Amino acid sequence: MEQYDLQYDNFTVTNESTVKKLEKQVMVTDSGIEISIPMETYNKLANFEVQTDVTGKSTIIIRNIDNLVLK
């Protein structure tokens, strides 16, 4: 975006399937665990964090959960 001087331009995504893909961040671990997080939660660092230790292993921390439903 910066290369083409578009970082301050506004744009609208009109394709419905593209908009749907941008609503959530989906992560899949190497063991097949799939986590789907709404972007408003993913973008709030106070609620969601991925920590990587010195060996390269990652830990996912999700905070401020009021209710949990397993599906």
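Just the heavy atoms: all of them, side chains too, but no hydrogens, waters or symmetry mates, feed the values below. Worth saying up front: this structure is predicted, and the values here are computed from it rather than measured.
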Hydrophobic clustering (ILVMFWY, side-chain heavy atoms < 4.5 Å, transitive) - are Val28 and Tyr42 grouped together? no
State, to 0.1 Å, how close Ser36 and Val26 come at their nearest heavy-atom pair, and which atoms those are. OG-CG2, 4.0 Å
List the atom of Val50, the atom of Ser58, and the distance in Å for their closest heavy-atom pair. CG1-CB, 4.1 Å
Going from [atom1] on [X] to [atom2] on [Y], what distance comes out if it is rounded to the nearest 0.5 angstrom?
{"X": "Lys24", "Y": "Ile35", "atom1": "NZ", "atom2": "CD1", "answer": "13.0 Å"}
{"X": "Asn47", "Y": "Asn64", "atom1": "CG", "atom2": "CG", "answer": "4.5 Å"}
{"X": "Met27", "Y": "Ile33", "atom1": "CE", "atom2": "CD1", "answer": "11.0 Å"}

Looking at Ile61, Asn43, Ile60, which hits side-chain contact (heavy atoms from CB on, under 4.5 Å) with Phe48? Ile60
Could you tell me if the side chain of Met39 sits less than 4.5 Å from the side chain of Gln25, heavy atoms only? yes
